[in-house]
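Please read the structure below before turning to the comments.
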Amino acid sequence: MTLIRVEDIAKYEGQEATVRGWVYNRTDKGKLVFLLVRDGSGFVQCVAFKGDLEEHVFDQVMRLPQESAVVITGPVRADGRAPGIPGGYEISVKDIQIVQVADLDYPMSLKEHGVDFALDNRHFWIRFPSQWSILRVRATVMAAAREWLDSHGFIAMDTPILTPAAAEGTTTLFETEYFDEGKAYLAQTGQLYNEANIFAFGKVYCFGPTFRAEKSKTRRHLTEFWMLEPEIAFCDLDELMEIEEQLITHIVQRVLRDRQPELCALKRDTSKLEAIRPPFPRMSYDQAADYLIDLYQRETDPERKELLKFEWGMDFGAPHEVELTKLHDQPVFIYGYPTAVKAFYMEPWPGRPEVCKSVDLLAPEGYGEICGGSERISDYTLLLERIRKEGLPESAFKWYLELRKYGSVPHSGFGMGVERVTAWLCGIDHIRETIPFPRTIKRVYP
RNA sequence: UCCUCGCUAGCUCAAUUGGCAGAGCGGGCGGCUGUUAACCGCUAGGUUCGAGGUUCGAGUCCUCGGCGAGGAGCCA
């Protein structure tokens with residue numbers, strides 16, 4: 001008996017194989033029972049004929065409840081009628097071991113469910129082909145990102161999740177007691193620590209959960225999400241964009257190569273992803289602003305006009321980002337945002353202090369911002385001035401400022417939101433499905 | 001915080017003008033050798049989110065509250 005993984009089933013055509021898994025669906029048809037079995041790596045149809053099994057066994061198979069655990073052995077056959085991920089192959093049940101007969105009150109039937117019910121049952125929902133596929137793509141996004149960085153001289157350098165006094169207002173930070181030291185806060189970014197790390201390691205990245213207590217209630221926000229943050233010494237804004245487009249391209253290629261059955265199960269139009277290749281278009285904030293102002297002025301529908309309202313100096317809202325992504329089939333860089341709407345540590349544009357060397361990467365098809373980054377201020381005096389202007393506590397930034405005194409160089413970095421990238425690649429419209437157990441303003445269960 | 005919508009069987013939903021609370025799925029029993037979220041027959045299953053009000057009569061109308069969704073704002 002050869003134990004196989006369903007994702008490799010094509011290799012075993014004509015051979016006897018064993019799969020271990022769970023009954024996702026059962027259809028009985030008189031003397032014939034179809035079991036759609038999940039084994040974690042895929043979904044495969046197993047067919048039991050009454051004549052092949054002892055009568056009491058067949059009878060048990062015919063009544064096997066959804067989600068029962070089984071070990072099935074039999075020959076693998078190619079059959080175009082067989083559903084599954086990947087489909088096209090099925091196993092004839094010659095032997096079946098029933099590890100557990102599931103209770104009959106499994107809450108998630110295979111019909112439609114409302115969002116709230118599905119999320120209350122997230123611990124079961126992840127068994128569904130759609131959710132399973134999305135989370136497999138997520139894992140590949142994460143693996144591909146590490147793979148590219150690790151092979152391009154970046155050192156993985158974890159940054160703390162418990163952090164001291166807030167770098168900015170405490171309103172969006174989750175707070176916790178920290179022994180006798182007062183308050184600690186869950187990290188919103190590892191960037192400041194990454195900036196320390198590059199002066200030891202040159203090119204680094206951190207990759208972990210980040211926490212934002214924003215009262216955002218949209219399809220693009222979670223309170224706990226995973227962010228990849230590379231930071232590079234001796235790197236300006238142009239070089240940063242090159243790194244971003246190389247990384248994103250690699251991720252897209254890997255997902256296309258390794259997650260084809262999952263994308264197919266999600267009915268993703270992969271031709272849109274196959275077309276992604278660097279260099280990505282670059283557009284200045286000024287150009288984007290001109291375009292959006294023109295769009296705003298020409299809009300006649302009052303409701304839409306209100307949403308598209310724009311003037312130079314504003315940050316983009318979701319509707320603006322959507323309009324900008326419609327201009328290209330590729331991800332698009334928007335660089336040179338107004339200093340006033342960006343963070344204090346961004347390097348000013350030479351000769352134009354009202355603009356800074358920041359860049360956002362917007363995914364196509366209306367997905368919007370997937371990466372945000374900038375060249376950082378490398379001059380001590382300028383950074384100190386900025387910290388004071390923002391009214392930030394100087395003492396908390398002592399170590400950060402000191403980095404500018406000993407070997408400071410131009411450096412840049414960015415953050416990539418794993419959930420937003422995954423949502424884009426999967427073609428789904430809400431990022432809560434791209435993380436196993438989403439945390440939103442209204443949900444910390446399960 | 002604001003705007004809009006929703007809450008009826010385990011799930012997804014229906015219920016005409018205020019007039020007997022229903023269907024599909026899921027569960028049970030039975031049938032069928034190619035099902036694809038199978039199909040067919042039978043069957044069990046209800047505090048209509050909560051409190052109060054109007055009315056002969058409220059799932060439906062009114063008031064207050066709760067919960068959720070979509071969007072906006074917010075958002076390194």
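Chain naming here is simple, since letters A, B, ... match the order of the sequence lines and numbering starts at 1 in each.
Near RNA chain B, meaning a heavy atom under 4.0 Å away, the residues from residues 410-446 of chain A are A/His430, A/Arg432, A/Lys442.
Comparing B/rG34, B/rA37, B/rA72 by their closest approach to the side chain of A/Phe49 singles out B/rG34. Distances from the side chain of A/Arg81 to the nucleotides B/rA76, B/rA37, B/rG34 place B/rG34 closest. For A/Lys217, counting side-chain heavy atoms from C-beta on, the closest listed nucleotide (B/rC11, B/rG70, B/rA76) is B/rG70. Nearest nucleotide to the A/Thr27 side chain, out of B/rA76, B/rU35, B/rA37: B/rU35. Closest contact between the side chain of A/Leu32 and the listed nucleotides B/rU12, B/rU33, B/rA69 involves B/rU33. Considering only side-chain atoms of A/Pro83, the nucleotide from B/rA76, B/rC11, B/rU35 that sits closest is B/rU35.
In this structure, A/Phe34 reaches the bases: a heavy-atom distance under 4.0 Å links it to at least one base atom across the strands shown. Using a 4.0 Å heavy-atom criterion, one finds that A/Glu369 contacts no nucleic acid atom at all. Nucleic acid contact for A/Gly84: none, since no nucleic acid atom lies under 4.0 Å from a heavy atom of the residue. Residue contacts shown for A/Asp79 include a base, since a base heavy atom lies under 4.0 Å away.
Rounded to whole Å, the separation between the P atoms of B/rA14 and B/rC7 comes to 7 Å. B/rU12 and B/rU17 have their C1' atoms separated by 28 Å, with the value rounded to a whole Å. Atom P of B/rG41 sits at a distance of 32 Å from the matching atom of B/rG59, rounded to the whole Å. Comparing the C1' positions of B/rG52 and B/rC29 gives a spacing of 46 Å, expressed to the nearest Å. Distance check on atom P: B/rC2 versus B/rA76 gives 23 Å, rounded to whole Å. B/rC25 and B/rC49 have their C1' atoms separated by 23 Å, given to the nearest Å. Annotation: B/rC32 and B/rC39 have their C1' atoms spaced 9 Å apart (nearest Å). Separating the P atom of B/rC20 from that of B/rC61 is a span of 16 Å, rounded to the nearest Å.
Among residues two or more places apart in sequence or in another chain, the ring pair (Phe, Tyr, Trp, His ring centres under 6.0 Å) test is passed with A/Tyr291 by none. Here A/Phe117 pairs with A/His113 under the ring pair (Phe, Tyr, Trp, His ring centres under 6.0 Å) rule; sequence neighbours left out. The side chain to side chain contact (heavy atoms under 4.5 Å, CB included) search around A/Thr381 returns A/Asp379, not counting sequence neighbours. Taking the side-chain hydrogen bond (donor to acceptor under 3.5 Å, both in side chains) definition, one finds that A/Glu390 meets it with nothing, sequence neighbours left out. Checked against ring pair (Phe, Tyr, Trp, His ring centres under 6.0 Å), A/Phe414 has no partners two or more places apart in sequence or in another chain. Taking the salt bridge (charged side-chain N to carboxylate O under 4.0 Å, His left out) definition, one finds that A/Glu112 meets it with nothing, sequence neighbours left out. Among residues two or more places apart in sequence or in another chain, the ring pair (Phe, Tyr, Trp, His ring centres under 6.0 Å) test is passed with A/Tyr380 by none.
For the OP1/OP2 pair of B/rG34 and a distance below 4.0 Å, the side-chain nitrogens and oxygens of A/Lys29 include at least one atom meeting the criterion. Of the side-chain N and O atoms in A/Lys31, one or more sit less than 4.0 angstrom from OP1 or OP2 of B/rU33.
Between the C1' atom of B/rU12 and the CZ atom of A/Phe128 lies a distance of 12 Å, rounded to the nearest Å. As a whole-Å value, the separation of A/Phe58 CZ from B/rG31 P is 12 Å. For A/Lys50 and B/rC32, the NZ to P distance is 8 Å, given to the nearest whole Å. The nearest whole Å value for the distance from the CD atom in A/Glu214 to the P atom in B/rA76 is 7 Å. When rounded to the nearest whole Å, the span between CG of A/Leu307 and P of B/rA72 equals 7 Å. Rounded to whole angstrom, the span from the CG atom of A/Leu35 across to the P atom of B/rG34 amounts to 16 Å. When the P atom of B/rU35 is taken as reference, atom CD of A/Gln45 falls 10 Å away, rounded to whole Å. The nearest whole Å value for the distance from the CG atom in A/Asp28 to the C1' atom in B/rC40 is 12 Å.
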With the sugar-phosphate defined as primed atoms, P, OP1 and OP2, and the base as all remaining atoms, what B/S/- string results for nucleotides 23-30 of chain B, 5' to 3', for protein heavy atoms under 4.0 Å? --SSSSSS
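Judged by atom type and distance alone, A/His221 reaches the base of B/rC75 through a side-chain donor-acceptor pair under 3.5 Å. A donor and an acceptor atom never sit less than 3.5 Å apart when one is taken from the side chain of A/Asp116 and the other from the base of B/rC67.
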In residues 221-229 of chain A, what donor-acceptor pairs under 3.5 Å come from side-chain atoms, sequence neighbours left out?
| unit_1 | atom_1 | unit_2 | atom_2 | d |
| --- | --- | --- | --- | --- |
| A/His221 | ND1 | A/Thr218 | OG1 | 2.7 |
| A/Thr223 | OG1 | A/Arg439 | O | 3.1 |
| A/Glu229 | OE1 | A/Gly190 | N | 2.8 |
| A/Glu229 | OE2 | A/Thr189 | OG1 | 2.6 |

Where each pair must be Watson-Crick or G-U wobble with both distances under 3.5 Å, what dot-bracket representation of RNA chain B is obtained, with crossing pairs in [ ] and other-strand partners as |? (((((((..((((.....[..)))).(((((.......))))).....(((((..]....))))))))))))....
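In this structure, A/Tyr24 has its ring center at least 6.0 angstrom away from the ring center of A/Trp132. Taking the centre of each ring, A/Tyr285 and A/Tyr337 come in below the 6.0 Å mark.
Screening residues 334-343 of chain A for salt bridge (Lys or Arg N to Asp or Glu O under 4.0 Å) gives A/Lys342-A/Asp360 as the qualifying pairs, with residues at least two apart or on separate chains.
Both cation-pi conditions hold for A/Arg404 and A/Tyr400: the charged atom is under 6.0 angstrom from the six-membered ring centre and inside a 45 degree cone around its axis.
Note: A/Trp349 and A/Tyr335 have parallel aromatic rings, judged against thresholds of 30 and 60 degrees for the angle between ring planes.
Using a 4.5 Å cut-off on side-chain heavy atoms (C-beta onward), A/Asp39 and A/Arg5 make contact.
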